[in-house]
Amino acid sequence: MSEEKSLNFIEEIVEADLASGKYQTILTRFPPEPNGYLHIGHAKSICLNFGLGLKYGGKTNLRFDDTNPTKEEVEYVDSIKEDVQWLGFSWANELYASDYFEQLYLFAVDLIKKELAYVDDLSAEEIATLKGTPTVSGMDSPHRTRTVEENLQLFADMRAGKYTDGEKVLRAKIDMSASNMHMRDPLLYRIKHAHHHRTGDAWCIYPMYDFAHGQSDSIENITHSICTLEFIPHRELYDWLIEKLDIFPSKQYEFARLNMTYTVMSKRKLLQLVTEGHVQGWDDPRMPTISGMRRRGFTAESIRSFCDKIGVAKRENMIDFSLLEFCLREDLNKSALRVMGVLDPVKLIITNYPEGQTEELVSENGPDEAYGTRIVPFSNTLWVERDDFMEVAAKKWFRLAPGATVRLKSAYIVRCDGFTKDADGIVNEIHCSYLPETKSGHDTSGMSVKGTIHWVSVEHALPAEVRLYERLFKAENPSTEEGDFKEYINEDSLTIIPNARVERSLARATIESRYQFLRKGYFCLDKESTPEKMVFNRTVTLKDAWSKTANKA
RNA sequence: UGGGUUAUGGUGUAAUGGUAACACAACAGAUUUUGAUUCUGUCUUUCUAGGUUCGAAUCCUAGUAACCCAACCA
């Protein structure tokens, strides 16, 4: 009955650990540093970590890895919490690495007492030099042999603020000739006289990632600590510290981070796009951030479905943006309300329809009957899409052109009799005659036409601003192209249509609602929308078979 | 020229010594009052070379390629 879906390699590990009795229950964690907004790559990690907790009856913590006060802000903490919740996940505990600063300090003291850590006076440059290179062994620092007592005093003095930034560091005493560079006496603590967003000025020494992350995992009894591939070299140190400290043995597992075509995924690059004004903010609808995608109209369900489909493995990958669009359309098709909106309006006049007459026509709201119907007003003067008309019909053209017949969605079949142009030669009126016996739902004509187009009544339509988006970059992988990634920014990624016309039912549109503007795509209200001026974002277009046909001709 | 990780269609992901499959993409066709949706079909795959085996994507050997590691970032 239930379809067997194969497990990813992490689920296999979890199932084995559960089956062997190694753990009765699992505990995972999502550990962002609050130094930026979450993006679709984080969504993969969130779905993995929280998904594991859900699937195996375990729990998942949200832990902020806030050990670098100069880069972190509460603004980011707040946005991260909002994004995780919006994605549909609940954490067992909201935790901060900074909550463990005192405990971490005691761990460090423990290492010193075990002669496994020492205070070094060397400068950053000197330490780097003595570290050697991957092919050349490193050399011991002259301070490596300090006594336990001396180290204890010096470390206490570091904490007490007796030294300036960079004057001293605490290092693990491991092996300066290790083939793994991370084992060449890695830094554990550095001095930073900086204000921390949570601990304020209580501390002037801060633990490094390697001395905070694994220890925090251990303190929380995290069973499976899942991170991305670039942390593989850290695992040896992760295990070493846990072993020497003799604390709960959390285990680290690594998977390949998400890469996607036509965008960038590093916080550094995203931050640059924001600060240099290439986009309007972290939640710009073109950004691959969760907040940007949310504003653009993505549903949480579509993002979860995407994360499920891309799988989890250790191989470098580059996912087609089209898979994300597929997941989006798949979800929106099921749930979006159907409405009519004309993006680039041109007048269509029905010459044989009584001037001033209005009919209330019935149109379906959604993909199935459960969505019900609504009334759309019809009259002799309509707005239709400019690109639904051709002065001379192309091959296989099913829409308006002189002599051609089309159905007006939920209304009548009309025949195009002619058109007029303004002084600049732009078509400004399309003249048609309607066939009264073809009224939608009451069609007795037996006629069938190939094309159906959307419309709104000029008298009844509402004006709206519509924003159309295209991919942010012109290159599939801007990060690996020649030169700077910003050279590949698509300058035409935003098109603003100031004066589109939408059907009047949209006056009741809410920010949560998702709409399909018939034949034009999925849309949602933007946060900048006001009752005086509606603003819609196009989330994604509909698949468009005609444009392919047209391009081939 | 050190260490680590990974190689399966155009892109992802499965197959855990026994018929290489699923999804996306692409391409055809059917249905359609959205050129949407839905439905049907087509296309294309095990990095290379040896070996073990009745049988290899999977095991062995040797290559090759890509990515990661020398931040007082995470």
Is the shortest side-chain heavy-atom distance between [X] and [Y] below 4.5 Å?
X: Lys269(A); Y: Ser479(A); answer: yes
X: Pro32(A); Y: Leu38(A); answer: yes
X: Trp203(A); Y: Ile205(A); answer: yes
X: Ser225(A); Y: Arg29(A); answer: yes
X: Cys524(A); Y: Tyr515(A); answer: no
X: Met390(A); Y: Leu400(A); answer: no
X: Arg514(A); Y: Thr299(A); answer: yes

Please say whether the positively charged group of Arg538(A), taken as NZ for Lys or CZ for Arg, lies over the ring of Tyr522(A), i.e. under 6.0 angstrom from the six-membered ring centre and within 45 degrees of the axis. no
Within 45° of the ring axis of Tyr96(A) and under 6.0 Å from its six-membered ring centre, is that where the NZ or CZ of Arg198(A) lies?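 Yes - Arg198(A) lies over the ring of Tyr96(A), closer than 6.0 Å to its centre and within 45° of its axis.
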Assign [X] to base, sugar-phosphate, or nothing according to its heavy-atom contacts below 4.0 angstrom with the strands shown.
X: His182(A); value: sugar-phosphate
X: Ala128(A); value: sugar-phosphate
X: Leu122(A); value: base
X: Ala313(A); value: sugar-phosphate
X: Phe231(A); value: base
X: Ser123(A); value: base

Could you give the distance separating [M] and [N] at their [atom1] atoms, to the nearest angstrom?
N: C39(B); M: U44(B); atom1: C1'; value: 23 Å
N: C24(B); M: G9(B); atom1: C1'; value: 12 Å
N: A56(B); M: A15(B); atom1: C1'; value: 13 Å
N: A74(B); M: C60(B); atom1: C1'; value: 40 Å
N: A30(B); M: A36(B); atom1: C1'; value: 16 Å
N: G12(B); M: A70(B); atom1: P; value: 26 Å
N: A20(B); M: U46(B); atom1: P; value: 12 Å
N: U48(B); M: A65(B); atom1: C1'; value: 10 Å

Rounded off to whole Å, could you give me the [atom1]-to-[atom2] distance for the [X] and [N] pair?
X: Glu126(A); N: A71(B); atom1: CD; atom2: P; result: 15 Å
X: Leu324(A); N: A25(B); atom1: CG; atom2: P; result: 12 Å
X: Lys309(A); N: G12(B); atom1: NZ; atom2: C1'; result: 12 Å
X: Leu188(A); N: A74(B); atom1: CG; atom2: P; result: 12 Å
X: Glu125(A); N: A71(B); atom1: CD; atom2: P; result: 11 Å
X: His196(A); N: A74(B); atom1: NE2; atom2: C1'; result: 13 Å
X: Leu229(A); N: C69(B); atom1: CG; atom2: P; result: 11 Å
X: Glu33(A); N: C73(B); atom1: CD; atom2: C1'; result: 7 Å

Let's see if you can work this out: which of [options] has an atom nearest to the side-chain heavy atoms of [X]?
X: Tyr209(A); options: C24(B), U5(B), A74(B); value: A74(B)
X: Asn317(A); options: C73(B), C72(B), U13(B); value: U13(B)
X: Lys548(A); options: C72(B), A26(B), U13(B); value: A26(B)
X: Glu230(A); options: C68(B), G10(B), G4(B); value: C68(B)

Is the side chain of Asn35(A) donor-acceptor paired with the backbone N or O of Lys71(A) at a distance under 3.5 Å, no angle test? no
Let's go through Glu33(A) and Lys267(A) carefully: what are the C-alpha distance in whole Å and the side-chain angles of both, what is the deciding distance for salt bridge (charged side-chain N to carboxylate O under 4.0 Å, His left out) to 0.1 Å, and is it a yes or a no? CA-CA 11 Å; Glu33(A) 181 188 13; Lys267(A) 275 188 196 167; 5.2 Å; no
Under the salt bridge (charged side-chain N to carboxylate O under 4.0 Å, His left out) rule, what pairs show up with a residue in residues 174-197 of chain A, not counting sequence neighbours?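 Pairs touching residues 174-197 of chain A that pass the test: Arg144(A)-Asp185(A).
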Under 3.5 Å, which donor-acceptor pairs do the side chains of residues 258-265 of chain A form with other protein atoms, sequence neighbours left out?
unit_1, atom_1, unit_2, atom_2, d
Asn259(A), ND2, Asn317(A), O, 2.9
Thr261(A), OG1, Phe321(A), N, 2.9

Got a minute to check which stems RNA chain B is part of, using Watson-Crick or G-U wobble pairs under 3.5 Å, three or more consecutive? B:2-7 with B:64-69, B:10-13 with B:21-24, B:26-30 with B:38-42, B:47-51 with B:59-63
Which of residues 165-181 of chain A have a heavy atom under 4.0 Å from RNA chain B?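 Heavy-atom contacts with RNA chain B come from Gly166(A), Val169(A), Ser179(A), Met181(A).
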Could you identify which residues of residues 133-143 of chain A place a heavy atom less than 4.0 Å from some atom of RNA chain B, listed by residue number, or say none?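 Listed by number, they are Thr133(A), Pro134(A), Thr135(A).
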Has Arg415(A) got more than 12 heavy atoms of other residues, nucleotides or ligands less than 6.0 Å from its CZ? no
Taking only the side-chain nitrogens and oxygens of [X], find out if one of them lies under 4.0 Å from OP1 or OP2 of [N].
X: Arg190(A); N: C73(B); value: yes
X: Lys314(A); N: A7(B); value: no
X: Lys192(A); N: C73(B); value: yes

Between Thr70(A) and Leu323(A), which has a closest nucleotide on RNA chain B that is more 5'?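 Looking at the nearest nucleotide for each, Leu323(A) comes out on the 5' side.
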With ring-ring contact (aromatic ring centres under 6.0 Å, His included) as the test, pick out the partner of Phe231(A) among Tyr238(A), Tyr209(A), Phe255(A), Tyr253(A). Tyr209(A)
Give the B/S/- string for nucleotides 29-42 of chain B, one per nucleotide from 5' to 3', where a protein heavy atom under 4.0 Å of the base yields B, of only the sugar-phosphate yields S, and otherwise -. ----BBBSS-----
Closest non-hydrogen contact found for Leu271(A) with Trp282(A) is CD1-CZ2, 3.5 Å
Considering the options Arg519(A), Lys409(A), Lys520(A), which one meets the salt bridge (charged side-chain N to carboxylate O under 4.0 Å, His left out) requirement together with Asp388(A)? Arg519(A)
